[in-house]
Amino acid sequence: MNNEPLTKIEHALVIQYLIDGNVPVTVSSNIPQDKDDVVHSIGSAVFPIALRAEHIKVVKDGIIYLINPPQSISGFENKDVKVEFYFNKVGLFFTTFLNKSDKGLYFSIPQDIYRINDVEETVDYDFHALLYFDCNGKKDLKTKCIPWNKNELFARPVWKNIPLESQKKAKEYLEIFVERAKLEKNAGNGIQLISVCHYLTQEDIQVKSIQDRRNPLAVLYIDHERIVLGSDNKDYKFEKGNEYALKFSFNIAQGPITSRDIFVVCFVNNIYKNDDESKTCIDFVYSSVQEEDIRYLYEKTTKNLFI
C-alpha cells in the first residue's frame, strides 16, 4: 500500500513540475468502489475523466484551475476526488476536494502526494496465448497474450457491445477497413473487424505505476482460422506477411486432462491502427495448424460441431 507520502523536497519538485509543464491528469471518484451503501445514478460521474494539458492551469499556491473542462467533470463538483498523473514517467496521485468559485472549478494540491503501486496480476484465465517465436528473425519472444477485458472472447462480436459514445468513430474505422478488405479480399467474413473497431476506439486513461511499461498483448478475437491481438505499446513491431509461432493454452474444467495446448504458425495478414497510432491491432491467419486443433478451435469458438 501507499503508506509513505513524498518527502518535502520531492513534493516541492512535483509542484514546480506541475506549474512549469502542461501535465494531463486523470480525475476519478474517491468513494471506495466496494461501498455497498453508495448507489450511483446512471448519469452520475463515477468513471475516471481525462483532463488534457489545456484543461488545467496550476498556480504557485498549489491550486489547479480547470479551463473549459469536459461537461462530465461537473459530476464531481463538491466531492472528494482522486487525481493521478505522471511525474518523469512515475505514476503519482493525491486526494482532494473539487470546489467551484467565480473562476470555475478548482482543487488544491494537498501536502501528501503518493506513488501509485504496482498491481499484481492475479486473474486466472481460461485461455491465454504465448507469442513465442518470430520465424522471420528466428528470435525467441515469450510475449504473453491475455483476453481483453472489455469483450467476451468466445462469443460472436456484436456492435452493441461498443459503447454508444464510441460507435460513431468505430463506424468510421469500420467503413475504412471494409473498403480495404474488399480490395485485398483477405479478411474472411470480416466479423473480427467489430472487435478491432471496439479496441481502437476505447481510450485507456488509467495512470499506472510506470508510464509506457510494456503490457501483455490483448487477445481481441480468435477462431479456427485467425487470432487478432491488440497492443498499446509502440515497442512491439509487426510487419505484414511475417510469420510467428504461437501457443494457445486452454483450461479444461472437467475431465482427467486439465489443460490443452495448441501450437500454430501464423502470418500477419493485416495491421490496423487508430488515428494517432497509439493502438494497433494485428490480424494473424494460421499457416500451419493440426486438423484436430482446427476442429477444437472451431467447436470452442462457434459452439457448433465441426463437420
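Please read these numbers as outputs of a predicted model, since none were measured by experiment.
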Scan the side chains in residues 267-282 for donor-acceptor partners under 3.5 Å anywhere in the protein, sequence neighbours excluded, and list what turns up.
unit_1 : atom_1 : unit_2 : atom_2 : d
Asn269 : ND2    : Asn186 : O      : 2.7
Asn269 : ND2    : Asp283 : OD2    : 2.9
Asn270 : OD1    : Arg180 : NH1    : 3.3
Asn270 : ND2    : Asn186 : OD1    : 3.2
Asn270 : ND2    : Tyr272 : OH     : 3.3
Lys273 : NZ     : Thr280 : OG1    : 3.2
Asn274 : OD1    : Glu277 : N      : 3.0
Asn274 : OD1    : Ser278 : N      : 2.9
Asn274 : OD1    : Lys279 : N      : 3.1
Asn274 : ND2    : Asp276 : OD1    : 3.2
Asn274 : ND2    : Ser278 : OG     : 3.0
Asp275 : OD2    : Lys169 : NZ     : 2.5
Asp276 : OD1    : Ser278 : N      : 3.0
Asp276 : OD1    : Ser278 : OG     : 2.7
Lys279 : NZ     : Tyr199 : O      : 3.3
Lys279 : NZ     : Gln202 : O      : 2.2

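- The side-chain heavy atoms of Tyr65 and Ile56, taken from C-beta on, include no pair separated by under 4.5 Å.
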- Item | Audit row: Glu291, Arg295, salt bridge (charged side-chain N to carboxylate O under 4.0 Å, His left out) steps and yes/no | CA-CA 6 Å; Glu291 186 171 349; Arg295 177 190 299 274; 5.3 Å; no
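- Note that the CG atom of Leu141 and the OH atom of Tyr244 stand 7.0 Å from one another [nearest 0.5 Å].
- A donor-acceptor contact closer than 3.5 angstrom links the side chains of Ser249 and Asp261.
- Both the sub-6.0 Å distance and the 45° axial angle are not jointly satisfied by Lys247 relative to the ring of Tyr132.
- Judged by the 6.0 Å and 45° rule, Lys100 forms no cation-pi pair with Tyr106.
- In this structure the side chain of Leu105 never reaches within 4.5 angstrom of the side chain of Phe76, judged on heavy atoms.
- Residues Ser108 and Ile63 have side chains in contact (heavy-atom distance under 4.5 Å, counting atoms from C-beta outward).
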- Item | Full working for ring-ring contact (aromatic ring centres under 6.0 Å, His included) between His198 and Trp159 | CA-CA 8 Å; His198 188 181; Trp159 190 258; 9.1 Å; no
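- Looking at Thr96 and Asp80, their side chains never come closer than 4.5 Å, going by heavy atoms from C-beta outward.
- Of the inter-residue distances, the one linking Ile222 atom CD1 with Phe127 atom CZ reads 3.5 Å to the nearest 0.5 angstrom.
- If you take CG on Asn30 and CZ on Phe93, they are separated by 8.5 Å, rounding to the nearest 0.5 Å.
- When side chains are defined from C-beta on, Ser28 counts as touching Glu84, because their heavy atoms get closer than 4.5 Å.
- Side-chain contact between Phe133 and Val265: absent, with no pair of heavy atoms (C-beta onward) separated by less than 4.5 Å.
- Annotation: cation-pi geometry not satisfied between Arg226 and Phe284 (NZ/CZ under 6.0 angstrom from ring centroid, within 45° of ring axis).
- The side chain to side chain contact (heavy atoms under 4.5 Å, CB included) check on Pro69 picks up Leu51, Leu66, Ile73, with sequence neighbours excluded.
- Side-chain atoms of Leu13 and Leu6, non-hydrogen and from C-beta on, never get closer than 4.5 Å to each other.
- A salt bridge is absent between Lys168 and Glu172: the closest approach of a Lys/Arg side-chain nitrogen to an acidic carboxylate oxygen does not fall below 4.0 angstrom.
- Annotation: side chain of Leu193 is not in contact with side chain of Tyr173 (no heavy-atom distance under 4.5 Å).
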